Amino acid sequence: MAYNHKEIEHKWQKYWEDNQTFKAPDKSDKPKYYVLDMFPYPSGQGLHVGHPEGYTATDIVSRYKRAKGFNVLHPIGWDAFGLPAEQYAIKTGNNPAGFTNKNVQVFKKQIKSLGFSIDWSREINTTDPEYYKWSQWIFEKLYEKGLAYEDEIMVNWAPDFPGGGIVVANEEVVDGKTERGGYPVYRKPMKQWVLRITAYADRLLDDLEELDWPEAIKEQQRHWIGRSTGASVNFKVDGFDDEIEVYTTRPDTLFGAKYMVLSPEHDLIEKITTPDQAETIAAYQAMVATKSDLERTDLNKDKTGAFTGAYGINPINGEKLPIWIADYVLSSYGTGAIMAVPAHDERDFAFAKKFDLPITPVIAGGDVNEAAYTGDGTHINSGFLDGLNKQEAINTAIDWLEDNHAGHKQVNYRLRDWIFSRQRYWGEPIPVIHWEDGTQTLVPEEELPLRLPEMTQDQLKPSGTGESPLANATEWLNVTREDGVKGRRETNTMPQWAGSSWYFLRYVDPHNSKVLADPEKLKYWMNVDLYVGGAEHAVLHLLYARFWHKFLYDLGVVPTKEPFQKLVNQGMILGENHEKMSKSKGNVVNPDEIVNDYGADTLRVYEMFMGPLTQSKPWSEEGVAGSRRWLDRVWRLLVDDEGKLRDHVTTVNPGDLDKVYNQTVKKVTDDLENMRFNTAISQLMVFVNDAYKSDALPIEYMNGFVQMLAPIAPFLAEELWQKLGNTEGVSYEPWPTYDENQLVENTVEIIFQVNGKVRGKATVAIDIDKDAMVEAAKADDNVQNFINGKEIRKVIAIPGKFVNIVVG
RNA sequence: GCCGCUGUGGCGGAAUUGGCAGACGCGCUGGACUCAAAAUCCAGUGGUGGCAACACCGUGUGGGUUCGACUCCCACCGGCGGCACCA
């Protein structure tokens with residue numbers, strides 16, 4: 001009887017479900033291991049082949065750890081709020097919740113078909129009011145601690161976004177366009193909810209040190225947080241009482257400041273601009289306001305600006321500096337104002353060249369006619385800083401600024417606060433009420449969850465005001481206090497990142513109605529020991545989740561400072577043509593078809609055998625077929641045409657498989673520990689190849705082999721395990737061990753080299769001494785061809801390995 | 001421009017500490033089985049030369065260290081990803 005994947009996979013899927021095989025108890029004497037996949041968004045497209053890659057990796061680790069005696073938490077759930085469901089609802093008139101649930105059912109069925117050992121009793125869904133109650137609860141705590149606030153700020157406004165435009169977070173802007181959909185983004189002042197992530201900047205940066213994450217991701221987060229140390233310097237404005245505060249990392253170049261630049265949105269511009277420059281300035285501001293972020297950066301490296309007619313006074317030498325405005329100075333960084341040192345800053349240099357402003361070097365070393373010099377050197381033209389190098393001058397300048405009350409040392413961050421509100425229906429309502437008396441309150445904790453109202457297709461359509469469709473939900477929207485004061489609910493909802501910023505905590509205690517999760521259970525299960533997902537979440541999800549986790553740690557809700565101890569990014573699976581899979585290129589592979597045609601075990605084996613988990617690698621249909629052929633081969637090794645265990649599986653051990661079996665246990669164990677799934681599989685192949693050449697297959701080795709196969713191809717392994725006469729499932733059977741003694745041999749093959757090139761080999765006793773090895777080498781015919789008649793200069797011999805004779 | 005990753009047969013990839021480059025799989029070639037084919041099993045398979053033993057060349061390019069380099073060092077080239085006026 002041939003290997004029938006459909007029958008077997010159906011049988012064991014049902015068995016695991018009926019027996020709740022993978023339910024993880026909250027109380028156990030076993031050590032715990034928490035394995036997590038990144039929260040999937042249940043799209044209408046279903047799984048793509050990238051999903052099973054990461055999921056198979058975590059599933060192998062989960063199954064391996066169970067066999068190693070760990071209590072394994074391996075849950076899954078749905079990050080189900082988000083735009084596609086809302087857009088679908090507007091188009092079809094269906095409720096987004098219904099659409100979402102349908103998608104979840106598809107995902108669930110697919111994931112179950114792949115045999116992942118998930119504890120389904122812990123399934124969660126961000127759109128479930130019992131879940132988003134706690135997202136809202138965390139928001140209220142942030143609000144109470146002053147970390148959630150509403151502010152009129154410069155936001156990233158994408159007016160062309162379907163559904164009447166949307167505000168997105170800084171992290172969601174890529175190349176001046178929205179990350180989703182690629183709509184152009186404009187800077188626009190709007191009143192929005194903001195989370196004070198900057199309050200955690202230092203900790204988010206410093207605590208990266210202790211995480212076992214890919215260096216690339218840590219580096220991206222470091223860069224995103226962008227901590228820099230410099231000085232704040234106050235410049236008086238000539239003829240006014242006002243001062244302009246600038247931030248600079250190079251206070252040592254203060255003597256080289258030749259002009260100042262304000263961002264076009266700076267508060268002081270209107271006040272200080274001279275009447276004859278007013279028109280020019282206003283025109284420039286208007287021009288900048290219509291530019292998208294893309295036009296301000298990518299498309300336009302050419303500097304623009306306008307002169308205000310006003311002058312600032314350099315505190316260090318009293319020099320009068322013209323004050324310009326230019327969009328190369330960003331209002332959102334530092335104070336939105338700079339001192340320009342054209343001799344030693346590339347941007348200032350370009351601007352000075354264009355507008356013919358003076359350039360005076362204050363550090364020796366460059367040629368200011370050619371380019372800005374940003375390197376180290378001796379200070380010149382700098383009064384009391386003359387003769388000092390860069391670092392000495394920075395320190396001296398800061399001391400001077402502080403002594404003369406003209407400035408101080410200052411730390412700055414690139415990171416900005418997290419713009420948190422979205423003008424959308426299908427998200428967690430922000431639990432705030434705005435009262436007609438101008439006050440604002442939270443929805444009382446005992447009234448949470450604040451549920452989303454049901455809405456008709458018409459109501460879901462954009463309100464046209466840039467407000468969320470919730471503004472159309474009149475009944476839900478308006479509230480009246482006991483004292484008769486009327487109020488209006490906040491109509492913005494939370495971004496999709498809200499639900500995914502803490503979901504890993506809910507898996508620990510998914511049905512708790514009293515608290516977010518029981519502290520005792522959190523103490524047992526946290527942290528996540530292994531977190532696997534794509535690298536695209538490097539700064540979005542992973543930074544937000546760390547921020548919320550640290551906040552919850554400060555509240556005493558969670559016991560750990562960081563949520564994810566070890567992070568692994570799986571590589572992308574490319575199309576057969578080595579290009580990214582996409583519908584337009586027609587190279588998309590549907591995992592359902594592979595499961596149907598070859599079986600889930602084949603898909604799992606193939607995706608793990610393709611190459612290292614972390615690397616991108618191209619799909620190959622031939623490769624899939626090869627993986628299936630190998631599983632067929634495994635089946636035939638143990639099962640005969642009648643479907644019975646083959647006769648040559650015996651209790652007798654002739655010993656010819658001793659070595660390869662023990663080697664295999666050693667290598668597979670080591671490889672699984674280190675997530676080298678491709679080489680683990682190749683070792684299992686080596687074992688099978690040898691087993692085919694053996695007349696007798698010791699049942700002990702066959703059991704061990706099937707156990708090692710089980711994490712990778714669990715359906716087939718359960719079936720073979722049963723055929724081998726085992727009555728319990730394979731999942732909790734203790735992992736096989738190897739005998740070190742079986743690995744040592746009496747003889748070893750050594751190589752003979754002449755001048756580092758291999759010229760001969762010989763099999764010798766394992767304990768052969770150096771001299772004997774050298775004698776054997778010199779006696780070798782081919783070695784003699786290369787050493788005869790030549791002077792032996794040196795002989796290197798490592799016992800048991802090789803002899804190298806150096807002649808000259 | 002800056003940062004990170006990466007480059008090995010026809011293809012995916014392997015090589016623990018600097019010690020036989022190419023494990024394993026795909027593809028290809030040959031053989032066995034078969035009336036035949038498929039499937040399967042067995043064997044071969046980096047390039048060049050040679051009947052062969054064997055020799056020479058070979059891990060992106062150029063140099064270096066070493067008895068010995070895919071591995072370490074220097075310089076460069078290509079690919080992928082990220083950031084990009086952050087003062």
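The structure displayed is predicted, hence computed values, not measured ones. In what follows, every heavy atom counts, from backbone to side chain, and hydrogens, waters and symmetry copies are set aside. So you know, we letter chains A, B, ... as the sequences are listed, proteins then strands, and number each from 1.
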Q: Any side chain to side chain donor-acceptor pair (under 3.5 Å) involving residues 675-687 of chain A? Give me the pairs, sequence neighbours left out, ordered by first then second residue.
A: A:Thr664-A:Gln683, A:Asp670-A:Arg676, A:Asp671-A:Arg676, A:Asp671-A:Thr679
**Q.** Among A:Phe349, A:Phe235, A:Phe351, the one residue meeting ring pair (Phe, Tyr, Trp, His ring centres under 6.0 Å) with A:Tyr259
**A.** A:Phe351
**Q.** Test: A:Arg628 and A:Asp632 ion pair at under 4.0 Å
**A.** yes
(Q) Treating A:Gln410 as the side-chain partner and A:Gly230 as the backbone partner, does any N or O pair qualify as donor plus acceptor under 3.5 Å? (A) no
Q: Give A:Thr614 one of three labels, base, sugar-phosphate or nothing, depending on what nucleic acid heavy atoms sit under 4.0 Å from its own.
A: nothing
(Q) Can you tell whether the side chains of A:Lys390 and A:Asp252 come within less than 4.0 Å, N to carboxylate O? (A) no
Q | Atom pair distance, as rounded to whole Å: CD1 in A:Ile394 and P in B:rA87 | A | 12 Å
Q. If you round to the nearest 0.5 Å, how far is CG of A:Leu262 from CD1 of A:Ile325?
A. 7.5 Å
**Q.** Any strand: nucleotide that pairs with B:rA37 via Watson-Crick or wobble, under 3.5 Å
**A.** none
Q) Going by a 90° cut-off around 0, is B:rG9 syn or anti? A) syn
Q: Classify every nucleotide of nucleotides 1-9 of chain B by which part a protein heavy atom approaches to under 4.0 Å, writing B for the base, S for the sugar-phosphate alone and - for neither, in 5'-to-3' order.
A: --SS-----
Q: Tell me what A:Pro612 touches on the nucleic acid: a base, only sugar-phosphate, or nothing, going by heavy atoms under 4.0 Å.
A: sugar-phosphate
Q. Start at the 5' end of RNA chain B and walk down; is the nucleotide closest to A:Arg636 or to A:Ile796 reached first?
A. A:Arg636
(Q) Can you work out whether A:Pro618 or A:Ser331 has the more 5'-proximal nearest nucleotide on RNA chain B? (A) A:Pro618
(Q) Rounding to an integer number of angstrom, what distance separates B:rC80 and B:rA87 when you compare their C1' atoms? (A) 31 Å
(Q) What contact category does A:Val539 fall into here, base, sugar-phosphate, or nothing, at under 4.0 angstrom with non-hydrogen atoms? (A) nothing
Q.
Among A:Tyr598, A:Trp619, A:Trp630, exactly one meets ring pair (Phe, Tyr, Trp, His ring centres under 6.0 Å) together with A:Tyr606. Which residue is that?
A. A:Trp619
Q. With a 4.0 Å cut-off on heavy atoms, is A:Phe752 in touch with a base, just the backbone sugar-phosphate, or nothing at all?
A. nothing
**Q.** Residue-phosphate contact under 4.0 Å: A:Lys617 side-chain N/O, B:rG12 OP1/OP2
**A.** no
Q) For B:rC56, does OP1 or OP2 lie under 4.0 Å from any side-chain N or O of A:Arg759? A) yes
Q.
Walk along nucleotides 20-30 of chain B from 5' to 3' and tag each nucleotide B, S or - by protein heavy-atom contact under 4.0 Å, base first, then sugar-phosphate.
A. B--BBSSS---
Q | Watson-Crick/G-U partner (both atom distances under 3.5 Å) of B:rG81 | A | B:rC3
(Q) If you apply the rule side-chain contact (heavy atoms from CB on, under 4.5 Å), what do you find for A:His5 with A:Thr602, and how did you get there? (A) CA-CA 9 Å; A:His5 67 265; A:Thr602 297; over 6 Å; no
Q.
Within the 4.0 Å heavy-atom criterion, would you say A:Asn782 contacts the bases, only the backbone, or no part of the nucleic acid?
A. sugar-phosphate
Q) Can you tell me how far P of B:rC80 sits from CE of A:Met581, to the nearest Å? A) 18 Å
Q: Find the distance A:Asp690:CG to B:rC42:P and express it as a whole number of Å.
A: 11 Å
Q. Is A:Lys258 salt-bridged to A:Glu319, going by a charged N under 4.0 Å from an acidic O?
A. yes
Q: Round to the nearest Å and state the distance from A:Ile217 atom CD1 to B:rC83 atom P.
A: 11 Å
Q. Counting any heavy atom closer than 4.0 Å, what does A:Lys693 reach on the DNA or RNA strands: base, sugar-phosphate only, or nothing?
A. sugar-phosphate
Q: Give a yes or no on whether the backbone of A:Tyr373 and the side-chain of A:His344 come within a donor-acceptor separation of less than 3.5 Å.
A: yes
Q: Could you tell me whether A:His578 contacts a base, only the sugar-phosphate backbone, or nothing, with contacts defined as non-hydrogen atoms closer than 4.0 Å?
A: sugar-phosphate
